[in-house]
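To start, the structure itself, in structure tokens.
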Amino acid sequence: MNEIFDAWGEIAYTSFGFFWKSLWAFILGYGVSGAIQAFVPKKNLTRIMGGKGFQSVGLSTFFGAISSSCSFAALATARSLFSKGASFVATVAFMFASTNLVIELGILIFIFLGPQYVWAEIIGGLVLILISSLLIRLFHPHSLIQRAREHVKKMEGEEEDFDWRSRISSIKGWQMAGMKFVHEWKMAWEDITIGFTIAGLVSVLVPDQVWEWIFLQGVADPESFLVRLENALVAPFVAAMTFIGSMGNIPLATVLAGSGVAFAGVLGFIYSDLMVPPLVNMNRKYYGTKVAFFIAGIMYVSIVLTALIMNYSFEWLDIVPEHIRKIEEVTRVKIDYTFWMNLSFLLVSAVLVWGHRLYLKRIDSMPDMDMGGDSKVKRWIVYSFLTFIVIGLILHLIR
């Protein structure tokens, strides 16, 4: 029984440590994202995103990179752009950019995995978009996509237009930024809770031998193409089994990296945030079953190719990260720069939440935005995990 309580306390402490280490990054990222959503108008953007060329894909990539990192929000926004005239190529580029190139994800990767992984994420995200664009051009199912466009148009309403100069200079505009900040947290907190709790469970309970078996460590030459290929092929399925979005995947990616999984495998895992079943199912609701599986297929092939390209490119440049910090070092709670950063950004968060409350008082009601990620089962899991963490932290403190 003592061993069970000890393990419970260690899991809770590790999960909380993951969140503590990244709290300031979340606040910074969601604050920037909220400000961009409040002050950057989107109307008429799709007028120049309707083509299949470099300009449309480049613009979609840019606006994806400055948008929400919430996977469900990314798909909902992509649906909106697609319904208003964005090309299918540009829509998929937006999906990849909004879940692989956003600022908060880069900060989180830097904290947990280091600068090489940040560069791999940024460059790899662009390679993902390039490869997926080429594949869509090659296999473009025109009739299916046309039916999907007609379907999503029925789901969209009119979008507000505004003058960003007057909004950014107004108190109401900054209160709206606070509202967007809070909305970002409402969309993401469940995935964050699930992701960090699972990462804690896996880091404590799953021995390295399991990952060695899944990713062929010790079975074949770790430097061989076979291992690289198998790791890249398997990683998206491992990511899909976690049911976690982009931000929640990073702590678990840290566990994989620390367990000796090949660089290609870790990258393939990180790139695969849109491959989880709830997101594939969301695309099915938006575009139909055939188009949803076409998107998933394009993503899978693009992820595998990109993971291999980045692995061998970094090896050629001799910049593949060789050592990952131990989980115990990453998750340790102490008085250091993380403590002071968290304290400072919690004050920023309080100001933004206060602005959110003031904004709500200005309007009679707020329309509910269904991102497709909420369910009673998921909410039950989240609150069960929170209870598990709280009790575990108490056990860790008293033992």
Side-chain angles (χ1 to χ4, degrees), residues 42 45-69 71 73-102 105-106 119-149 152 232-233 235-236 239 246 264 267-276 279-280 282-284 286-288 290-313:
K42 295 180 181 177
L45 284 178
T46 50
R47 179 175 56 84
I48 50 178
M49 292 168 61
K52 303 176 184 178
F54 177 80
Q55 182 183 27
S56 295
V57 174
L59 189 62
S60 296
T61 300
F62 172 74
F63 280 98
I66 65 173
S67 69
S68 167
S69 67
S71 301
L75 295 192
T77 304
R79 177 200 66 189
S80 179
L81 293 172
F82 182 67
S83 72
K84 291 177 172 62
S87 69
F88 187 71
V89 174
T91 300
V92 174
F94 180 90
M95 293 181 192
F96 269 130
S98 58
T99 51
N100 286 285
L101 298 177
V102 288
L105 185 65
W119 285 112
E121 177 71 10
I122 294 172
I123 299 172
L126 297 175
V127 174
L128 272 172
I129 292 168
L130 175 61
I131 293 176
S132 63
S133 298
L134 293 175
L135 290 174
I136 291 171
R137 286 170 176 267
L138 183 61
F139 299 106
H140 194 278
H142 184 269
S143 59
L144 284 177
I145 292 173
Q146 185 58 37
R147 287 201 296 270
R149 190 181 298 279
V152 297
L233 290 170
S246 58
L267 292 179
F269 181 87
I270 295 173
Y271 296 149
S272 299
D273 38 30
L274 292 177
M275 296 294 294
V276 297
L279 297 174
V280 175
M282 175 182 272
N283 277 334
R284 182 191 63 79
Y286 288 165
Y287 309 110
K290 292 183 178 180
V291 174
F293 279 104
F294 176 74
I295 293 173
I298 291 293
M299 288 182 172
Y300 180 74
V301 175
S302 301
I303 288 166
V304 172
L305 291 176
T306 301
L308 291 171
I309 289 171
M310 298 308 298
N311 192 121
Y312 283 105
S313 298

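We count residues from 1, following the sequence as given. Because only heavy atoms are used, hydrogens play no part in the values below, and waters and symmetry mates are left out as well, while side chains stay in.
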Ser98 side chain to Gly64 backbone, donor-acceptor under 3.5 Å
no
Taking the side chain as C-beta and beyond, is there a heavy-atom pair between Leu101 and Phe96 under 4.5 Å?
no
Considering all heavy atoms, the nearest Ala307-Ala232 contact
CB-CB, 4.1 Å
Would you call Tyr271 and Met310 a side-chain contact if the rule is heavy atoms closer than 4.5 Å?
yes
Give the C-alpha distance, both sets of side-chain angles, the deciding distance and a yes or no for side chain to side chain contact (heavy atoms under 4.5 Å, CB included) between Tyr287 and Ile295.
CA-CA 10 Å; Tyr287 309 110; Ile295 293 173; 4.0 Å; yes
Smallest separation among heavy atoms of Ser56 and Ala90, with atom names
O-CB, 4.0 Å
Sorted by chain and number, sequence neighbours left out, side chain to side chain contact (heavy atoms under 4.5 Å, CB included) with Phe139 holds for Leu135, Phe294
Are the side chain of Ser272 and the backbone of Met275 linked by a donor-acceptor contact shorter than 3.5 Å?
no
Could you please spell out the steps behind the side chain to side chain contact (heavy atoms under 4.5 Å, CB included) verdict for Ile145 and Phe82?
CA-CA 10 Å; Ile145 292 173; Phe82 182 67; 3.8 Å; yes
Roughly how far apart are Leu105 CG and Ile270 CD1, rounded to 0.5 Å?
8.0 Å
Can you list the residues that meet the side chain to side chain contact (heavy atoms under 4.5 Å, CB included) rule with Ala292, with sequence neighbours excluded?
Asn283, Arg284
Would you give me the side-chain donor-acceptor pairs under 3.5 Å for residues 122-132, sequence neighbours excluded?
unit_1, atom_1, unit_2, atom_2, d
Ser132, OG, Leu128, O, 3.0
Ser132, OG, Ile129, O, 3.0

Would you compute the distance between atom CZ of Phe88 and atom OG of Ser133 and round it to the nearest 0.5 angstrom?
10.5 Å
Can you give me the closest heavy-atom contact between Gly268 and Ile303, atom names plus distance?
O-CG2, 3.7 Å
Looking only at heavy atoms, what is the nearest atom pair of Ile136 and Val89, with distance?
CG2-CG2, 3.5 Å
Considering all heavy atoms, the nearest Phe269-Ala239 contact:
CE1-CA, 3.5 Å
Nearest 0.5 angstrom please: Arg149 CZ to Ser87 OG, how far?
7.5 Å
